[in-house]
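Here is the naming used below: chain letters follow the sequence lines, and residue numbers restart at 1 for every chain. Just so you know, these numbers come straight off a predicted model, no measurement behind them.
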Amino acid sequence: MALIEIRNLTKTFGSGPAAVTALDDVSLDIEAGEIFGVIGLSGAGKSTLVRCINLLERPSSGSVVVSGADMTRLSARELREARRNIGMIFQGFNLLMQRTALENVRFPLELSHVPKAEADERARSLLRTVGLEGREGAYPSQLSGGMKQRVAIARALAPNPKVLLCDEATSALDPKTTESILELLKELNRSLGVTVVVITHEMRVVERICSRVAIIAESRIAEEGSVEEVFLHPRTEAAKRLVLPSRSGKLEGFSESEGAGSIDECRGELIRLAFDGSTTDRPVIADMILSCGAPVSIVYADTRSIEGRLYGHTVLQLPGDADTAEKMKRWLRDQQISFTKEAQ
Amino acid sequence: MDWEQILPLVPQALWESFYMVAATTFFAYVIGLPLGLILVVTAKDGIHPMRTFNMVLGAVVNFLRSVPFILLLFFLNPFTRLVMGTTVGSVATIVPLTISAFPFVARMVESSAKEVDRGVIEASLSMGASNWQIITKVLLPEAKPGLINGAALSATTILGYSAMASINGGGGLGAIAINYGHYRSDYAVEFVMIVVIVLFVQVIQELGTRGSRLSDRRIK
């Protein structure tokens, strides 16, 4: 049984003709110990989805089962107990501004009447875990965004929850800080075994830490699967729009006059290479050019190296000469690099 | 102008004004603080929405706020006599003062508590806080700077009302201004008492501003 089982979840706001459906018949399983991503454009319903998990938002219909308990059927008291098993962090950190870092982390323990000495001890050790030793007495206004989110993470983890929900937790942070927070979440997932649910509109967040992902579009789950599967071989239009940003209409930054047009040889077909981590990080395209003896034009590229392996997409325009183009495709197949023909 | 007659009365009047304001502020908060919190908690976007109740309570508070103090003062005389045995004197004046001040205090508390970030309340709910815990551990402590400012503003308003009450037999600084200044057409006395009252207001206001700033951890 999955740790979180969402079944036929529907959420409508308002009623009558003005009613807005935020979630429409959503079903999802999130397994214990994984880092699960939910990605979608703003307004797609992803935030509502995560808020339905701890019932900050009450579903209109359907069920949300966390550790075997149907959240929608709990009494007010039981719900408060169940929520202590589900930590949550937010885009805006939501720290208590009149409390120090230590007092913030202690807060959920106070709520469940943990003796003060014990709570202080735990709060101290958690602040150490998130790398804020020495800042126990600082107020949120004295901390940077990244530090505030670290305090929020420590606070969310204080009651030792099974699940940590992250609602756009890095969206207010700069790229470098985002990276460090994601690293911390990954580390906590590894060391504490806490299941992490990440809600985001940023691809790089999912790529960086998630093992599985669901793409949510227009209030429905468009696609769900392992991150590699969904990102490299998106099946639905919604997924393609998110994963392949240049896909809609013309390729961005590409035009006959200024793009490939300046190199006469490169007037052939467009192909999209997908790197799924099975290729080591090496100059693939340069190798291909050298071994085939003809230039190609890079129309679009979004690749990155993670732990020495290559991930992402590159769109190439092959030479107009059919033989050379064929030679290049053969070379790619030999190298076991998957590619698809790209619409021009 | 008979300063030898008036000056010795000032310390006593100052003391009377002080305890009228202090006692009224205290009683107005005993009633107004819970009332203001109830208004926030039962509001549409509150942690325990109760639409009809909130509307009725809001209407009652607005009604009481709308009654001009000078009229309320006279109107409440029978009630004040019933409670205190008399309508005359600074102690008796605490009754109408409190009744006119608590709706003001309730709105004051409401506006401070509403300033607490909705996200922080949500985070607390997500941690399993009960409504009572949200009130005592989130709303009140987080709104503290605003509440202190509001208390100072309430106290200065009450001081103003207390001067008005001397027309109905109340004591304090306002009574000297009216009885020895206004009724005797002695502008010098009236002016001096006005200055004393203005200084008193400044002191309360300054204490409030400083207390609020010192207690606020957002700006350091």
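- In this structure, chain B has a heavy atom under 4.5 Å from the backbone of A/I86, while its side chain stays farther away.
- Residue-environment remark: CZ (B/F26) stays at or below the threshold of 12 foreign heavy atoms within 6.0 Å.
- Heavy atoms of A/F107 lying under 4.5 Å from chain B belong exclusively to its side chain.
- Among all heavy-atom pairs drawn from B/G119 and A/N94, the shortest one is O-ND2, 2.9 Å.
- Looking only at side-chain heavy atoms (C-beta outward), A/M88 and B/E122 stay at 4.5 Å or farther from each other.
- Neither the backbone nor the side chain of A/R77 comes within contact range of chain B, judged by heavy atoms closer than 4.5 Å.
- Nearest heavy atom pair, residue B/A123 against residue A/R155, reads CB-NH2, 3.7 Å.
- Other residues, nucleotides and ligands contribute only 12 or fewer heavy atoms inside 6.0 Å of the CZ atom of B/F75.
- At least one side-chain heavy atom of A/Q98 sits under 4.5 Å from a side-chain heavy atom of B/D216.
- For chain B, no part of A/I89 is nearby; none of its heavy atoms comes within less than 4.5 Å.
- Between B/M127 and A/R80, the closest side-chain pair of non-hydrogen atoms is not below 4.5 Å.
- Within a 6.0 Å sphere centred on CZ of B/R118, heavy atoms belonging to other residues, nucleotides or ligands number more than 12.
- B/S215 touches chain A through its backbone: at least one of N, CA, C or O sits under 4.5 Å from a heavy atom, while the side chain does not.
- Between A/L111 and B/A129 the shortest heavy-atom distance is CD1-CB, 3.6 Å.
- A donor-acceptor contact shorter than 3.5 Å links the side chain of A/S141 to the backbone of B/R217.
- Minimum heavy-atom separation, B/Q133 to A/E110: NE2-O, 4.4 Å.
- Counting non-hydrogen atoms of neighbouring residues, nucleotides and ligands closer than 6.0 angstrom, the CZ atom of B/F69 exceeds 12 such neighbours.
- Taking every heavy atom of both residues into account, A/N54 and B/S126 meet most closely at ND2-CB, 3.6 Å.
- A/L95 CG to B/D117 CG: the interatomic distance, rounded to the nearest 0.5 Å, is 10.5 Å.
- Within the 4.5 Å cutoff, the side chain of A/L96 has heavy atoms near those of the B/V120 side chain.
- At most 12 heavy atoms of other shown residues, nucleotides or ligands fall within 6.0 angstrom of atom NZ in A/K162.
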